[in-house]
S.K.: 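Questions regarding the structure given below will be posed in turn.
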Amino acid sequence: MIVEEIKIKEVLEGTKSPSLENVRDVLAKAREKKGLGLDDVGILLNSDAVRIKDELFQTAARVKDEIYGERIVFFAPLYVSDFCVNGCAYCNFHTENKGLKRKKLSLDEIEKQVGFLIDMGHKRLLLEFGEDPAHNDIDYVRAVIEKIYSLKREKGNIRRLNVNIAATTVENYRKLKTTNIGTYQLFQETYHRETYKKLHQGPKADYDRQISAHLRAFEAGLDDLGLGVLFGLYDWRFEVLALIAHAQYLEKELGVGPHTISVPRFCPASAVSYQPEYPVSDADFLKLIAIIRLAVPYTGMILSTRETSAIRKQAFKIGISQASAASAASPGGYGSNVKDEAQFKLRDERPLAEVIKGVVDDKMLPSFCTACYRRGRTGEAFMELSKPGEIHTFCRSNGLLTFAEYLEDFGNGLYKKGYQTIEFYLNQIEDEGLRQQTKERLKKIKQGERDLYF
């Protein structure tokens with residue numbers, strides 16, 4: 001069994017009311033960056049938030065910095081089709097939403113949407129498709145991916161696509177593999193079977209089909225996998241433990257843990273009457289981000305625009321390494337003011353330039369890096385670098401190069417301050433040879449060259 005519900009509940013019960021000494025022992029273990037066992041996680045989940053908050057956040061920030069450094073890697077979601085045969089209670093695309101004018105983007109419409117994104121400065125996208133065999137079959141998915149990779153504009157191109165499609169067959173995953181995607185992302189939504197059953201109708205109601213999808217994807221050759229939970233559907237403590245148990249299962253069975261873990265929180269939508277039975281407060285949300293960072297230190301943690309700019313600012317410091325920005329959550333949403341058709345209500349609607357400025361002001365490094373995917377640093381190769389923290393060696397240089405591109409092409413008022421940030425982190429590169437190579441490539445970018453990476 002991938003996730004044992006009884007065991008998760010036993011851990012939660014058995015770690016109740018931990019002593020301050022117990023919690024500090026776990027934090028000391030976490031600082032070794034080798035991950036945490038479920039009992040360790042249970043102790044942190046059950047710890048008194050007020051007494052331990054600062055120590056927890058400081059430890060998470062330290063681990064994040066030592067593995068992923070100061071970078072926040074940005075991407076945008078691209079909703080391609082909202083045709084869906086599922087009735088998920090929390091999603092605006094549910095089958096009972098008869099007022100929704102369903103949309104499936106043509107390849108010409110795809111080109112227009114991608115043009116908006118490239119002209120903002122984006123280099124990497126997450127493709128989103130509803131589950132509908134008639135409208136969103138695997139050949140359509142492949143055609144969309146091939147179309148996006150073929151597009152070139154004056155301000156660049158999209159260099160890597162990550163993909164979120166419904167759980168499917170090994171054969172379909174093999175077809176997806178041929179398109180050269182980055183990460184295959186699929187959320188369990190909730191690991192609590194009874195809640196899962198209650199909230200889903202249609203093919204997605206099959207809990208086992210959903211939770212075993214990553215195994216089929218891996219069998220098909222997709223070794224870069226993303227997990228996630230929609231927090232608010234069930235007790236967040238249970239969900240965190242189950243999510244980590246899932247990550248540990250993949251690592252044990254496949255030799256490869258999740259490249260990414262996403263932490264979306266429930267957001268309302270125009271045709272969603274569902275109210276979360278287990279709402280997650282801001283304080284608990286930040287706590288769970290810090291705990292996941294310590295429990296699975298090698299994974300990239302993703303935060304969406306479901307969260308406010310204030311929450312994102314804090315989350316970036318304690319665990320998040322990737323974030324969407326300037327998002328639209330409906331097909332054709334870029335360049336449009338229509339919001340009622342979005343999958344959920346956005347809470348951070350700032351333009352990309354403003355998000356970038358905020359990160360720079362917080363002394364962090366914006367990145368649009370796609371190098372690992374294109375250098376073959378995925379799956380086991382990625383784990384070999386990320387677990388000991390060596391991935392940071394490449395990531396800082398690549399982050400600097402992609403940020404320099406952004407400043408040259410879109411920098412405007414951020415140009416001077418942005419290059420001060422680049423200079424500061426350039427000097428943090430310990431390897432003299434790599435620092436010099438990075439410096440030389442930065443000069444080439446100023447001279448007009450693009451897409452240089454290690």
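For the numbers below, each heavy atom of this structure counts, side chains included, while hydrogens, waters and symmetry mates do not.
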S.K.: Do Glu341 and Lys101 sit within salt-bridge range, that is, some charged N less than 4.0 Å from a carboxylate O?
M.R.: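 Salt bridge: no.
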S.K.: Can you check whether Ser327's main-chain N or O pairs, donor with acceptor, with Ser324's side chain at less than 3.5 Å?
M.R.: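 Absent.
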S.K.: Tell me whether Lys345 at atom NZ has more than 12 heavy atoms from other residues, nucleotides or ligands lying less than 6.0 Å away.
M.R.: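 For Lys345, atom NZ is not crowded (no more than 12 foreign heavy atoms under 6.0 Å).
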S.K.: Tell me whether the guanidinium CZ or amine NZ of Arg441 lies under 6.0 angstrom from the six-membered ring centre of Tyr453 and within 45° of its axis.
M.R.: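 No cation-pi geometry.
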S.K.: How long is the straight-line distance from CD of Gln322 back to OG of Ser304, given to the nearest 0.5 Å?
M.R.: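 So the OG of Ser304 and the CD of Gln322 are separated by 12.5 Å.
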S.K.: Taking it one step at a time, do Thr95 and Gln201 satisfy side-chain hydrogen bond (donor to acceptor under 3.5 Å, both in side chains)?
M.R.: CA-CA 9 Å; Thr95 53; Gln201 294 180 355; 5.3 Å; no
S.K.: Quick one: closest heavy-atom pair of Val263 and Ile292, and the distance?
M.R.: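 Heavy atoms of Val263 and Ile292 come nearest at CG1-CD1, 3.9 Å.
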S.K.: Can you check whether Asn164's main-chain N or O pairs, donor with acceptor, with Gln185's side chain at less than 3.5 Å?
M.R.: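 Side chain of Gln185 to backbone of Asn164, a donor-acceptor pair under 3.5 Å: no, none is there.
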S.K.: Are Phe266 and Tyr90 near enough that their ring centres are under 6.0 Å apart?
M.R.: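 Judged by ring-centre distance (under 6.0 Å), Phe266 and Tyr90 do not meet the cut-off.
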S.K.: Pro366 and Phe403: which non-hydrogen atoms are nearest, and at how many Å?
M.R.: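 In terms of heavy atoms, the two residues are closest at O-CB, 3.3 Å.
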S.K.: How many angstroms lie between atom CD of Glu111 and atom CG of Leu151, to the nearest 0.5 angstrom?
M.R.: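 Here the interatomic distance stands at 5.0 Å.
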S.K.: If you measure from CG on Asp235 to CD1 on Ile8, what distance do you get to the nearest 0.5 Å?
M.R.: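 Going from CG on Asp235 over to CD1 on Ile8, the span is 11.5 Å.
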S.K.: Please check if the side chain of Arg216 supplies one atom and the backbone of Thr168 the other of a donor-acceptor pair under 3.5 Å.
M.R.: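 Yes.
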S.K.: Taking NZ, NE, NH1 and NH2 as the nitrogens, is one of them in Arg450 or Glu408 under 4.0 Å from a carboxylate oxygen of the other?
M.R.: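 Result for this pair is no, no salt bridge flagged.
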S.K.: Which heavy atom of Tyr278 sits nearest to which heavy atom of Leu233, and what is that distance?
M.R.: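 Between these two residues, the closest heavy atoms are CD1-O, 3.5 Å.
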S.K.: With rounding to the nearest 0.5 angstrom, report the CD1 to CG distance, Ile165 to Leu186.
M.R.: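 Reported to 0.5 Å precision, the distance equals 8.5 Å.
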S.K.: Any cation-pi pair here, Arg124 with Phe74, using under 6.0 Å and within 45°?
M.R.: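 Arg124 over Phe74 ring: no.
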S.K.: Any luck finding a side-chain donor-acceptor pair between Tyr234 and Arg193 under 3.5 Å?
M.R.: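 Tyr234 vs Arg193: no donor-acceptor pair found between side chains.
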S.K.: Heavy atoms, side chains only, cut-off 4.5 Å: are Leu176 and Ile145 in contact?
M.R.: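 When only atoms from C-beta onward are counted, Ile145 and Leu176 do touch, with a gap below 4.5 Å.
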S.K.: Can we call the ring centroids of Phe368 and Tyr406 under 6.0 Å apart?
M.R.: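 Yes: the rings meet the under 6.0 Å criterion.
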S.K.: Walk me through whether Lys177 and Asp223 qualify under salt bridge (charged side-chain N to carboxylate O under 4.0 Å, His left out).
M.R.: CA-CA 10 Å; Lys177 169 69 176 175; Asp223 62 358; 5.1 Å; no
S.K.: Tell me, with the steps shown, if Phe218 and Tyr184 meet side-chain contact (heavy atoms from CB on, under 4.5 Å).
M.R.: CA-CA 10 Å; Phe218 189 85; Tyr184 170 60; over 6 Å; no
S.K.: Hey, which of Arg265, Arg350, Arg312 is the one that makes salt bridge (Lys or Arg N to Asp or Glu O under 4.0 Å) with Glu307?
M.R.: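 Per the salt bridge (Lys or Arg N to Asp or Glu O under 4.0 Å) rule, the option paired with Glu307 is Arg265, out of Arg265, Arg350, Arg312.
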S.K.: Are more than 12 heavy atoms, taken from residues, nucleotides or ligands other than Glu146, located less than 6.0 Å from that residue's CD atom?
M.R.: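 More than 12 within 6.0 Å, yes.
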S.K.: Does the ring of Tyr140 carry Lys104 above it, NZ/CZ under 6.0 angstrom from centre and within 45° of its axis?
M.R.: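 Lys104 over Tyr140 ring: yes.
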S.K.: Do Lys123 and Asp451 meet the salt-bridge criterion of a basic N to acidic O distance under 4.0 Å?
M.R.: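 Judged by the 4.0 Å cut-off on N to carboxylate O distance, Asp451 and Lys123 do not form a salt bridge.
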S.K.: Hey, mind stepping through Val3 and Tyr249 against side-chain contact (heavy atoms from CB on, under 4.5 Å) and telling me if it holds?
M.R.: CA-CA 8 Å; Val3 172; Tyr249 178 90; over 6 Å; no
S.K.: So, taking the atom named CG in Leu38 and the one named CD1 in Ile244, what distance separates them when rounded to the nearest 0.5 Å?
M.R.: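 It comes to 7.5 Å.
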S.K.: Determine yes or no for a side-chain-to-main-chain donor-acceptor pair under 3.5 angstrom, with Asp132 supplying the side chain and Phe83 the backbone.
M.R.: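 Not a single qualifying donor-acceptor pair exists.
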S.K.: What pair of heavy atoms forms the shortest contact from Ala315 to Ile289, and how long is it?
M.R.: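 Closest heavy-atom pair between Ala315 and Ile289: CB-CD1, 3.8 Å.
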S.K.: Any side-chain heavy atom of Ile181 sitting closer than 4.5 Å to one from Asp224?
M.R.: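 Contact flag for Ile181/Asp224 side chains = no.
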S.K.: For a 4.5 angstrom cut-off between non-hydrogen side-chain atoms, does Pro258 reach Tyr298?
M.R.: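 When only atoms from C-beta onward are counted, Tyr298 and Pro258 do touch, with a gap below 4.5 Å.
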S.K.: Under 4.0 Å between a side-chain nitrogen and a carboxylate oxygen: does that hold for Arg396 and Glu70?
M.R.: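 Here Arg396 pairs with Glu70 in a salt bridge, since their nearest N and O are under 4.0 Å apart.
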S.K.: Taking the side chain as every heavy atom from C-beta outward, state whether Val114 and Glu109 have any pair of such atoms under 4.5 Å apart.
M.R.: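 Sidechains of Glu109 and Val114: no contact.
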S.K.: Taking the side chain as every heavy atom from C-beta outward, state whether Arg293 and Ser321 have any atom pair closer than 4.5 Å.
M.R.: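 In short, these two side chains touch, coming nearer than 4.5 Å.
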S.K.: From the options Asp348, Asp282, Asp361, Asp362, select the one residue that forms a salt bridge (Lys or Arg N to Asp or Glu O under 4.0 Å) with Lys313.
M.R.: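 Result: among Asp348, Asp282, Asp361, Asp362, Asp362 is the only option passing the salt bridge (Lys or Arg N to Asp or Glu O under 4.0 Å) with Lys313.
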S.K.: Ignoring hydrogens and angles, tell me if any N or O in the side chain of Asn136 forms a donor-acceptor pair with the backbone of Gly130 under 3.5 Å.
M.R.: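 Yes, because the side chain of Asn136 sits within donor-acceptor range (under 3.5 Å) of the backbone of Gly130.
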S.K.: Does any part of the side chain of Val359, heavy atoms only, come nearer than 4.5 Å to the side chain of Leu365, both counted from C-beta?
M.R.: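 No, side chains not in contact.
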S.K.: Find out whether Glu131 and Pro203 are in side-chain contact, i.e. whether some heavy atom of one side chain is under 4.5 Å from a heavy atom of the other.
M.R.: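 Side-chain contact under 4.5 Å: yes.
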S.K.: May I ask you to check if Lys155 and Phe410 form a cation-pi contact, with NZ or CZ under 6.0 angstrom from the six-membered ring centre and within 45° of the axis?
M.R.: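 Output yes; distance and angle both within limits.
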S.K.: Testing the basics here: between Ala217 and Leu225, what is the closest heavy-atom pair and its distance to 0.1 Å?
M.R.: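 Minimum heavy-atom separation between Ala217 and Leu225: CB-CD2, 4.1 Å.
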S.K.: Given the side-chain rings of Tyr191 and His246, with only the six-membered ring counted for Trp, is the space between their centroids under 6.0 Å?
M.R.: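 Distance test on ring centres: under 6.0 Å, yes.
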S.K.: Ignoring hydrogens and geometry, is there a side-chain-to-backbone donor-acceptor pair from Ser212 to Leu215 under 3.5 Å?
M.R.: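 Absent.
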S.K.: Could you tell me whether a side-chain N or O of Gln248 sits under 3.5 Å from a main-chain N or O of Leu36, the two making a donor and an acceptor?
M.R.: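 Yes, Gln248 side chain to Leu36 backbone: donor-acceptor pair under 3.5 Å.
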S.K.: Are any non-hydrogen side-chain atoms of Lys287 and Trp236 less than 4.5 angstrom apart?
M.R.: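 In short, these two side chains touch, coming nearer than 4.5 Å.
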S.K.: Compute the ring centroids of Tyr196 and His200, then answer whether they are less than 6.0 Å apart.
M.R.: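 Ring centroids of Tyr196 and His200 are less than 6.0 Å from each other.
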S.K.: Given Leu401 and Phe454, is the side-chain contact (heavy atoms from CB on, under 4.5 Å) satisfied, shown in steps?
M.R.: CA-CA 10 Å; Leu401 296 174; Phe454 293 94; 3.9 Å; yes
S.K.: Mind running salt bridge (charged side-chain N to carboxylate O under 4.0 Å, His left out) on Glu5 and Lys9 for me, showing each step along the way?
M.R.: CA-CA 6 Å; Glu5 199 166 305; Lys9 291 181 176 179; 3.8 Å; yes
S.K.: Mark yes or no for whether Asn398, through its side chain, and Cys369, through its backbone, hold a donor-acceptor pair below 3.5 Å.
M.R.: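 Here the side-chain-to-backbone pair does not exist.
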S.K.: Restricting to non-hydrogen atoms, name the atom on Ala76 and the atom on Leu117 that form the minimum distance, rounded to 0.1 Å.
M.R.: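 The pair with the smallest heavy-atom distance is CB-CD2, 3.6 Å.
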S.K.: Can you tell me if Asn92 uses its side chain to pair, donor with acceptor, with the backbone of Ala269 under 3.5 Å?
M.R.: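 Pair absent, no side-chain N/O of Asn92 close to backbone of Ala269.
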S.K.: Is it true that a side-chain atom of Thr402 and a backbone atom of Gly399 form a donor plus acceptor pair closer than 3.5 Å?
M.R.: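 Side chain of Thr402 to backbone of Gly399: a pair is present.
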S.K.: More than 12 heavy atoms of other residues, nucleotides or ligands under 6.0 Å from CD of Glu171: yes or no?
M.R.: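 Counting other residues, nucleotides and ligands, CD of Glu171 stays at 12 neighbours or fewer.
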S.K.: Kindly determine whether Leu125 and Asn162 satisfy side-chain contact (heavy atoms from CB on, under 4.5 Å), including the steps that lead there.
M.R.: CA-CA 6 Å; Leu125 305 181; Asn162 298 332; over 6 Å; no
S.K.: For a side chain to side chain contact (heavy atoms under 4.5 Å, CB included) with Leu227, tell me which candidate from His259, Gln188, His214 qualifies.
M.R.: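 With Leu227 as partner, side chain to side chain contact (heavy atoms under 4.5 Å, CB included) holds for just one option, His214.
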